[in-house]
There are 2 protein chains.
Amino acid sequence: MKKTLKERIIESAINLFEKHGYHGVSVGQIVDDSQTSKGGFYHNFKSKDELLFYIHDLFISYVLDKAREAYDNFDTPVSRLCAIIQSFTKVFDLYKPHITVFYQESAYLAREYQQLINEKRDEYRKIILQVISEGQSNGDFRSEVPAEISTMSIIGMINWTYKWYKKDGALSIDSIALIFNDLILHSLITEKGMKDIAAETYLLKSQRQ
Amino acid sequence: MKKTLKERIIESAINLFEKHGYHGVSVGQIVDDSQTSKGGFYHNFKSKDELLFYIHDLFISYVLDKAREAYDNFDTPVSRLCAIIQSFTKVFDLYKPHITVFYQESAYLAREYQQLINEKRDEYRKIILQVISEGQSNGDFRSEVPAEISTMSIIGMINWTYKWYKKDGALSIDSIALIFNDLILHSLITEKGMKDIAAETYLLKSQRQ
DNA sequence: TATTTGGTACCGACCAGTCGGTCTGTCCTC
DNA sequence: GAGGACAGACCGACTGGTCGGTACCAAATA
């Protein structure tokens, strides 16, 4: 199937935005890169602002779906959390430019769009919070740490990946996801949680024992 | 001591940039807010770019100093790491607007300035990497996890604070710093490390045992 | 002491260029 | 022949930066 003009514009925009930032790229440049015209652009988008929104929405909607899926497909806090971490981390192979734009340029979203995005972002956060809270209730996760802070720590730790991850780097995104699982589980889990379920399957094997 | 015009300009700029982003604020607005003129501005700064650099440098230099200090004042991996985490986290009370600008707008730094900033940022990262590596060598930290990833995870987790931390929120920055210590230590430390030193002093007390 | 000099800090009207966005027109399809 | 998809010349607003000028102060001169 041939790419529509709209898709071509979005693709050009994402790549240019990732490199030079939203304000570092003019509509004229996007139009050149996607081989169209001002007319073609404004036929498909109400404004440059709306284009920025599209890019945001593309990513956050995808990642939110994945999180819901992960939640539904598993039934313990540990397995759910790990599934979410895995899916979240793996998104970087596919959506790194989107993510970069998402976190660098979201301040420039028009108010109306910002709200729509924030709702989805909050819902995403709530899913993680929910999983951690459930884990604290059933004793799998330590209760000394406020679930809100754990949630933000996890999100921060994974999101930050966009600052350093290279697709052709030494570590694949899958191994990075495993490491994140290991780090996060170690920081949250109780002794009970460790025995309770097959948590070891989510941990890296030690070379030392 | 009276504030110099340069200081006033920087202060205005930081606050405006935090709210509206670098590109959302014109030199004219900065000039109005700091009660000066275009002339006054360009007498103190070569360009708007240079002003952005100043703000970046202010923050990264401070935080780098603090990390060196933390390293020098302690002599075990665990205590050093915790001191760095503490000092890093506490910076948010003082420099949150700087940090916001630092991470949202660094893409727009001119190449020449970007390099200067990157050098300091890399040095900072190296200090943390060094501490973790030393801990892995002496057996305090687990060796299953690559030190590079642990480093980036820590940095990401703490940096992300700028997205959600509110000065008048439920948790003080000091308690947040303690929680970070707890989470990070749990994720890195070995059983030996736990016994070896008084690592408990850095962990939150459980309510359950 | 009174006056000149020179340098620094600052002022604000102004400019050239760029940007997002519009509008009229053309082609192509149904 | 009507309506959607796109082309591209064009516009007004605004931006970063300039430049001739002023206010002020300390040192030099008389």
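The figures here come from the full heavy-atom set of this structure, side chains too, leaving out hydrogens, waters and symmetry mates. Convention: sequence-line order gives letters A, B, ...; per-chain numbering from 1.
We find that CD of B/Glu50 is positioned 14 Å from C1' of D/dG17, with the value rounded to whole Å. Atom CD1 of A/Ile30 is separated from atom C1' of C/dT18 by 15 Å (rounded to the nearest Å). Between A/His20 atom NE2 and C/dT18 atom C1' the separation is 17 Å, expressed in whole Å. Regarding A/His43, its NE2 atom lies at a distance of 17 Å from the P atom of C/dG21, rounded to whole Å. Regarding B/His23, its NE2 atom lies at a distance of 11 Å from the P atom of C/dG20, rounded to whole Å. Computed from coordinates, the B/Asp49 CG to D/dT15 C1' distance equals 13 Å when rounded to whole Å. B/Phe41 has its CZ atom 22 Å from the P atom of C/dC14, to the nearest Å. Taking atom NZ of residue A/Lys6 and atom P of nucleotide D/dC6, one finds them 11 Å apart after rounding to whole Å.
Cation-pi geometry between B/Lys6 and B/Phe45 is met: the NZ or CZ atom falls under 6.0 Å from the ring centre, inside 45° of the normal. Under the 6.0 Å distance and 45° angle rule, B/Arg80 does not count as a cation-pi partner of B/Phe74.
Closest to the side chain of A/Ser26, out of C/dG21, D/dT15, C/dC19, is C/dC19. Distances were taken from every side-chain heavy atom of B/Ser47 (C-beta onward) to each of D/dA5, D/dG17, C/dC10; the shortest belongs to D/dG17.
Ring geometry, A/Phe88 versus A/Tyr124: the interplanar angle exceeds 60°, so the pair is classed perpendicular (tilted spans 30 to 60°). Ring planes of A/Tyr22 and A/Phe17: perpendicular class, angle over 60° (limits at 30 and 60°).
In this structure, B/Ser37 reaches the C/dC11 phosphate: one of its side-chain N or O atoms is under 4.0 Å from OP1 or OP2. Side-chain nitrogen and oxygen atoms of B/Asn44 include at least one within less than 4.0 Å of the OP1 or OP2 phosphate oxygen of C/dC10.
End-to-end axis angle for the helix from C/dT1-D/dA30 to C/dC30-D/dG1, using five pairs per end and rounding to 10°, comes out at 10°.
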statement: 5' to 3', nucleotides 22-30 of chain C under a 4.0 Å protein heavy-atom cut-off (B base, S sugar-phosphate only, - none) gives B--------
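B/Asp93 and B/Tyr165 are linked by a side-chain donor-acceptor pair at a separation below 3.5 angstrom, with hydrogens and angles left out of the test. Counted by atom type alone, B/Lys163 and A/Tyr103 present zero donor-acceptor pairs between their side chains at under 3.5 Å. Between the side chains of B/Ser150 and B/Ser153, no donor-acceptor pair of N or O atoms lies under 3.5 Å.
Note: B/His56 and B/Tyr113 fail the aromatic proximity criterion, with ring centroids not under 6.0 Å apart.
The closest donor-acceptor contact from the side chain of B/Ser133 to the backbone of B/Leu129 lies under 3.5 Å.
Using a 4.0 Å heavy-atom cutoff across all strands shown, B/Val25 reaches sugar-phosphate atoms only and no base atom.
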